[in-house]
Amino acid sequence: MNIVQDSEIMDYKGRDNLLSERVVLITGAGAGIGRAVAIACAAQGATVILLGRKVPRLEEVYDEIVNAGSPRPSIVPMDLEKAQGEHYQALVDALESEHGRLDGLVHNAGILGERSPIGHFDVGTWQRVMHVNLTAPFILTRCLLPLLQTAKDPSIVFTSSGVGRRGKAFWGAYAVSKFGTEGLMQVLADELEGTRPPVRVNCINPGPVRTELRYRAYPAEDRDKLRKPDEIVGPYLYLLGPDSEAITGQSFDCQPPASAPDTSKRTH
Ligand SMILES: NC(=O)c1ccc[n+]([C@@H]2O[C@H](COP(=O)([O-])OP(=O)(O)OC[C@H]3O[C@@H](n4cnc5c(N)ncnc54)[C@H](OP(=O)(O)O)[C@@H]3O)[C@@H](O)[C@H]2O)c1
């Protein structure tokens with residue numbers, strides 16, 4: 001297996017039009033990290049499929065991409081908490097008829113739930129977080145795998161977290177869902193190793209990033225010290241483009257530990 005260090009790809013830029021002719025679906029593309037990744041992929045020539053709950057947000061991203069002269073994206077309104085079999089099938093059918101394949105799948109949508117001890121954790125919130133963060137990416141992957149296997153150089157990227165690698169008090173379902181995400185990535189990467197075409201499967205931990213989810217987790221921290229979403233897109237571009245050929249089953253960090261603010265002991 002080829003190994004790449006996080007530091008080698010943290011500031012990855014890639015050549016111009018790195019992702020031209022690639023179709024990349026990004027979940028949670030209307031805000032935060034997903035928005036930045038979608039805009040960066042489009043700027044590198046990808047046709048991006050913007051999946052999310054809130055259509056006005058997706059439309060804003062759509063306009064920004066079109067106004068920048070990048071390939072025209074598509075919008076897929078989908079609530080991953082509520083989506084049923086027919087919604088997933090409609091997505092597969094639309095992708096198949098419009099593009100005939102899928103080159104990249106970025107599982108980015110996620111929710112924090114509540115921060116509370118396990119002994120008091122609300123069961124409904126637990127199920128909701130596990131569903132949006134872990135089960136929905138599993139279902140989406142299962143449905144889209146045949147279309148990914150029609151592409152020449154397909155790549156799946158999962159989004160993890162520091163608390164998905166080392167458990168921390170009060171992170172409850174969010175942390176456990178991210179442990180599950182790392183596990184799903186490893187199981188899938190192992191299953192797909194050596195298949196043709198080789199679908200690579202990897203995880204990214206964005207580190208502390210200035211987004212709504214981060215504000216909810218750390219309402220008192222100094223937001224100006226956090227990196228903005230568009231400053232951490234390098235590893236996503238790397239994993240979606242041809243330079244990461246044969247890189248699979250790995251977990252990457254977007255930021256060195258030292259760049260975390262004072263709260264870094266609670267890396268998220
Ligand atoms: N920010 C950080 O410091 C940090 C650190 C480590 C890991 N992460 C991970 O990075 C990913 C992105 O987080 P973020 O910080 O960018 O969060 P964010 O700004 O809150 O954005 C979350 C995105 O997920 C989407 N989403 C949430 N629930 C959804 C649902 N039921 N169906 C469809 N889409 C849904 C939202 O869509 P709508 O806008 O349509 O609601 C939004 O676009 C998450 O997986 C998170 O766990 C973030």
Side-chain angles (χ1 to χ4, degrees), residues 6 25-40 48-62 75-84 87-88 91 105-113 115 125 127-140 157-166 168 171-182 184-185 203-219 221-223 225-233 235-236 251-255 257 259-261 263-264 266-268:
D6 304 283
L25 188 152
I26 298 133
T27 70
I33 296 166
R35 178 183 195 279
V37 170
I39 290 168
V48 290
I49 318 293
L50 309 167
L51 186 152
R53 259 182 321 193
K54 297 176 184 148
V55 175
R57 286 180 163 187
L58 297 172
E59 286 173 342
E60 268 182 38
V61 181
Y62 178 101
I75 288 180
V76 178
M78 191 160 166
D79 184 338
L80 294 171
E81 189 183 330
K82 301 187 179 127
Q84 299 295 316
H87 302 115
Y88 287 97
L91 170 62
L105 172 58
V106 181
H107 292 293
N108 163 80
I111 53 173
L112 180 67
R115 291 190 58 196
T125 303
Q127 290 173 329
R128 210 162 56 85
V129 172
M130 295 301 282
H131 190 83
V132 173
N133 293 5
L134 180 58
T135 306
F138 150 67
I139 300 172
L140 203 52
V157 179
F158 288 94
T159 307
S160 178
S161 165
V163 294
R165 296 184 188 158
R166 189 163 79 80
K168 287 195 180 145
W171 281 90
Y174 180 83
V176 175
S177 72
K178 296 299 186 181
F179 269 93
T181 298
E182 296 270 354
L184 174 58
M185 177 279 287
C203 247
I204 289 182
N205 166 25
V209 183
R210 205 185 305 175
T211 69
E212 288 170 26
L213 187 147
R214 178 79 192 184
Y215 299 162
R216 279 198 296 277
Y218 295 105
E221 84 181 332
D222 182 354
R223 293 166 193 185
K225 291 193 176 147
L226 298 175
R227 290 206 186 174
K228 290 185 274 181
D230 61 3
E231 294 174 305
I232 57 113
V233 297
Y236 291 88
S251 292
F252 295 95
D253 286 329
C254 285
Q255 305 183 47
S259 73
T263 51
S264 62
R266 296 174 285 156
T267 310
H268 160 57

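Quick caveat: nothing in here was measured; it's all calculated off a predicted structure. Reckoned from all heavy atoms, side chains included, excluding hydrogens, waters and symmetry mates. Order of appearance sets the numbers: ligands from 1, and atoms from 1 within every ligand.
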At less than 4.0 angstrom from any non-hydrogen atom of G32, what atoms of ligand 1 do you find? 16 (O), 19 (O)
Closest to atom 22 (C) of ligand 1 (heavy atoms only, candidates A83, G110, A31) is G110
Any N/O of G52 closer than 3.5 Å to an N/O of ligand 1? no
Would a distance-only check, ignoring hydrogens and angles, find a side-chain to backbone donor-acceptor pair under 3.5 Å from Q255 to P206? yes
Not counting sequence neighbours, list each pair that qualifies as a salt bridge (Lys or Arg N to Asp or Glu O under 4.0 Å) and has a residue in residues 203-213. R57-E212
Do any heavy atoms of K82 fall under 4.0 Å from ligand 1? no
Passes side-chain contact (heavy atoms from CB on, under 4.5 Å), L91 versus L51? Steps please. CA-CA 10 Å; L91 170 62; L51 186 152; 4.1 Å; yes
What about T159: any of its N or O atoms under 3.5 Å from an N or O on ligand 1? no
Please table the atom pairs, donor to acceptor, closer than 3.5 Å between any side-chain atom in residues 130-138 and protein atoms at least two apart or in another chain.
from	atom 1	to	atom 2	distance (Å)
H131	NE2	L80	O	3.4
N133	OD1	I111	N	2.9
N133	ND2	I111	O	3.0
N133	ND2	S177	OG	3.2

The atoms of ligand 1 lying under 4.0 Å from a heavy atom of I111, numbered in the order shown, are 27 (C), 28 (N)
Could you tell me how the ring of H107 sits relative to the ring of F158: parallel (under 30°), tilted (30 to 60°) or perpendicular (over 60°)? parallel
Quick one: does G207 get an N or O within less than 3.5 Å of an N or O on ligand 1? yes
Quick one: which ligand 1 atoms are inside 4.0 Å of a heavy atom on P208? 3 (O)
Heavy-atom distances under 4.0 Å decide this one: backbone, side chain, both or neither, for M78 against ligand 1? backbone
With heavy atoms and a 4.0 Å threshold, my read on which part of A217 contacts ligand 1 is neither
Does an N or O anywhere in N205 fall below 3.5 Å from an N or O of ligand 1? no
Can you see whether Y174 has R115 sitting over its ring - NZ or CZ less than 6.0 Å from the centre and within 45° of the normal? no
Could you tell me whether the side chain of K178 and the main chain of A173 form a donor-acceptor pair under 3.5 Å? no
Using a 4.0 Å cut-off to any heavy atom of S160, which atoms of ligand 1 qualify? 6 (C), 7 (C)
Under a 3.5 Å distance rule, please check whether D230 uses its side chain to pair with a backbone N or O of A36 as donor and acceptor. no
Any nitrogen or oxygen of L80 lying under 3.5 Å from a nitrogen or oxygen in ligand 1? Just yes or no. yes
Using a 4.0 Å cut-off to any heavy atom of E212, which atoms of ligand 1 qualify? 19 (O), 20 (O)
Consider every N or O of P206 and every N or O of ligand 1, then say whether any pair is closer than 3.5 Å. no
Should you measure from each heavy atom of D79, which atoms of ligand 1 turn up under 4.0 Å away? 30 (C), 31 (N), 32 (N)
Donor-acceptor check, side chain of T27 to backbone of A109, threshold 3.5 angstrom: yes or no? yes
Please identify which atoms of ligand 1 are closer than 4.0 Å to at least one heavy atom of N108. 11 (C), 12 (C), 44 (C), 45 (O)
Test side-chain contact (heavy atoms from CB on, under 4.5 Å) on I232 and I33; report intermediate values, then the result. CA-CA 8 Å; I232 57 113; I33 296 166; 4.0 Å; yes
Short version for K54: what comes under 4.0 Å of ligand 1, heavy atoms counted, is both
Closest non-hydrogen contact found for A175 with V163 is CB-O, 3.3 Å
Answer yes or no: does an N/O atom from V209 fall short of 3.5 Å to an N/O atom of ligand 1? yes
Quick one: which ligand 1 atoms are inside 4.0 Å of a heavy atom on R214? 1 (N), 3 (O)
Salt bridge or not between R53 and E81? Use side-chain N to carboxylate O under 4.0 Å. no
